[in-house]
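Here the structure is a predicted model, which means the values were calculated and not measured. Numbers here simply count residues along the sequence, with the first being 1.
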Amino acid sequence: MKGKTLFICLVLVSALIIGITVAVISEDLFKKEANTKEKEQETNVSWVIVNEDPLLGKYEKSDRAFKKSVSNRTITYVHERKIDGVEVTEDRIAYVFDKNTKKLIRKYVKWRDDLPEHLPPVPLISKEEAESIAKSEAKGKIMNTSLAHTRLCYISSNDSWYPLEPPPKNPCWIVYFADDEGYNTDVIIIDAVEGKILGHGVPFP
């Protein structure tokens, strides 16, 4: 009887050890598979000048700097437009190539053709001045006038976040307001040269 009990105990212990071993192996395989998939999704990012990159140089004739992203399937080049360091919203040039064949898959260009090469020669109003103007406009119209963020930019044509048509030719201060929970309540657009309120943007979540 004792022998039978001992045998059953040994079987149970063996089953437990096998179960733990299988679980450990399964977890290890899962981690390896997850790491493999993660590595496959990794993207190598760098900055290149057109004339220094043979692939991009076949299609782009400029001295612009592009952000180059290499994934497991594609090579993507993106140039986001700036004028003296000031962003032009949504204006960009992008090329997507097949990594293996180097064939051009897609080219995207959105570029306002009515903007100067440099910022206006007259002084721009300061960020603080823009925020003061925006606060005066927002006072009494929204529940909370806490400043969330302020940025200087040129507004691109057909910009869904800043729907001004025609888009202003001067750079603009975009002043965002938020409530206590951090949600945007209003977005006020101010001409950075003339100091005029041009309209309201679309608050994002």
Side-chain angles (χ1 to χ4, degrees), residues 43 45-53 56 60-69 76-95 107-205:
T43 301
V45 178
S46 60
W47 287 91
V48 299
I49 304 298
V50 174
N51 58 13
E52 297 175 354
D53 190 287
L56 181 60
E60 175 71 17
K61 305 302 178 184
S62 72
D63 58 354
R64 299 186 179 103
F66 279 73
K67 182 179 180 180
K68 180 181 180 180
S69 304
T76 303
Y77 299 86
V78 178
H79 173 83
E80 295 186 342
R81 186 181 185 184
K82 291 184 178 181
I83 296 176
D84 291 337
V86 176
E87 176 193 358
V88 182
T89 66
E90 297 190 10
D91 267 24
R92 61 179 57 88
I93 303 172
Y95 295 87
K107 177 182 178 180
Y108 172 86
V109 178
K110 185 175 181 182
W111 203 267
R112 279 187 64 179
D113 57 6
D114 60 344
L115 293 178
E117 292 294 322
H118 299 283
L119 288 174
V122 297
L124 304 181
I125 66 169
S126 67
K127 175 182 175 182
E128 291 72 23
E129 288 176 300
E131 291 175 345
S132 177
I133 294 169
K135 280 185 177 181
S136 298
E137 169 70 8
K139 191 174 182 181
K141 296 183 180 180
I142 57 178
M143 295 295 293
N144 191 323
T145 56
S146 297
L147 289 170
H149 179 60
T150 303
R151 63 185 294 217
L152 179 66
C153 65
Y154 281 92
I155 297 175
S156 185
S157 57
N158 301 316
D159 191 320
S160 57
W161 292 105
Y162 315 117
L164 300 180
E165 290 297 336
K169 292 187 177 182
N170 288 331
C172 297
W173 284 106
I174 315 295
V175 184
Y176 300 83
F177 293 92
D179 60 20
D180 294 331
E181 296 181 352
Y183 293 101
N184 280 140
T185 52
D186 200 2
V187 181
I188 297 177
I189 305 169
I190 300 169
D191 188 303
V193 175
E194 300 178 3
K196 295 180 180 179
I197 295 174
L198 302 179
H200 294 253
V202 177
F204 55 84

(request) Heavy atoms only: give me the nearest Asn158-Lys110 pair and the separation to one decimal. (result) O-NZ, 3.9 Å
(message) So does Leu119 get a backbone contact from the side chain of Asp84, meaning a donor-acceptor N/O pair under 3.5 Å?
(response) yes
(request) Answer yes or no: is there a side-chain heavy-atom contact under 4.5 Å between Lys67 and Thr76? (result) no
(request) List the atom of Ala94, the atom of Val78, and the distance in Å for their closest heavy-atom pair. (result) CB-CG2, 4.1 Å
(request) Side-chain contact test, heavy atoms from C-beta onward, threshold under 4.5 Å: evaluate it for Arg81 versus Leu115 and give yes or no. (result) yes
(message) Could you check whether any side-chain heavy atom of Arg151 comes within less than 4.5 Å of a side-chain heavy atom of Thr89, counting everything from C-beta outward?
(response) yes
(message) Testing the basics here: between Ile49 and Asp63, what is the closest heavy-atom pair and its distance to 0.1 Å?
(response) CG2-O, 4.0 Å
(request) Evaluate the side-chain proximity of Val193 to Leu124: yes if any heavy-atom separation is below 4.5 Å, no if none is. (result) yes
(message) If we ignore hydrogens and angles and just use 3.5 Å, is the side chain of Ser69 paired with the main-chain N or O of Val45 as donor and acceptor?
(response) no
(request) Measure the shortest side-chain to side-chain distance between Tyr162 and Val187 over non-hydrogen atoms and say whether it is less than 4.5 angstrom. (result) yes
(message) Please find the pair of heavy atoms, one from Cys172 and one from Pro168, that lie closest to each other, and give the distance.
(response) SG-CG, 3.6 Å
(request) Mark yes or no for whether His79, through its side chain, and Phe66, through its backbone, hold a donor-acceptor pair below 3.5 Å. (result) no
(request) Could you grab the distance from atom CD of Glu131 to atom CZ of Phe177, nearest 0.5 Å is fine? (result) 8.0 Å
(message) Tell me every residue that passes salt bridge (Lys or Arg N to Asp or Glu O under 4.0 Å) with Lys127, counting only those two or more places apart in sequence or in another chain.
(response) none
(request) Check the pair Lys196, Ile133 against side-chain contact (heavy atoms from CB on, under 4.5 Å), reporting the backbone distance first and the verdict last. (result) CA-CA 8 Å; Lys196 295 180 180 179; Ile133 294 169; over 6 Å; no
(request) Identify the heavy atoms of Glu90 and Tyr108 that sit nearest to each other, and give their distance. (result) O-OH, 4.4 Å
(request) Output the distance between atom CD (Glu128) and atom OG1 (Thr150), rounded to the nearest 0.5 Å. (result) 9.0 Å
(message) To the nearest 0.5 Å, what is the distance between CD1 on Ile190 and CD1 on Ile188?
(response) 6.5 Å
(request) Please report the shortest heavy-atom distance between Leu152 and Ala192, naming the atom on each side. (result) CD1-CB, 3.8 Å
(request) Look only at the side chain of Trp173 and the backbone of Ile125, and say whether a donor-acceptor pair between them is shorter than 3.5 Å. (result) yes
(message) Could you tell me if Arg64 sits above the aromatic ring of Trp111, with its cationic atom closer than 6.0 Å to the ring centre and no more than 45 degrees from the axis?
(response) yes
(request) For the pair Ser156 (side chain) and Asp159 (backbone), establish whether a donor and an acceptor sit closer than 3.5 Å, ignoring hydrogens and angles. (result) no
(message) Looking only at side-chain N and O atoms, does Asp91 offer a donor or acceptor that is under 3.5 Å from a partner on Tyr154?
(response) no
(message) Asp191: which residues meet the salt bridge (Lys or Arg N to Asp or Glu O under 4.0 Å) condition with it, sequence neighbours left out?
(response) none
(message) To the closest 0.5 Å, what do you measure between NZ (Lys169) and CD1 (Ile155)?
(response) 14.5 Å
(request) Report yes if the side chains of Asn170 and Pro120 come closer than 4.5 Å at any heavy-atom pair, otherwise no. (result) yes
(message) Once rounded to the nearest 0.5 Å, what's the spacing between atom CD of Glu194 and atom CD1 of Ile197?
(response) 13.0 Å
(message) Could you measure the distance from the NE2 atom of His200 to the CD1 atom of Ile174? Nearest 0.5 Å is fine.
(response) 11.5 Å
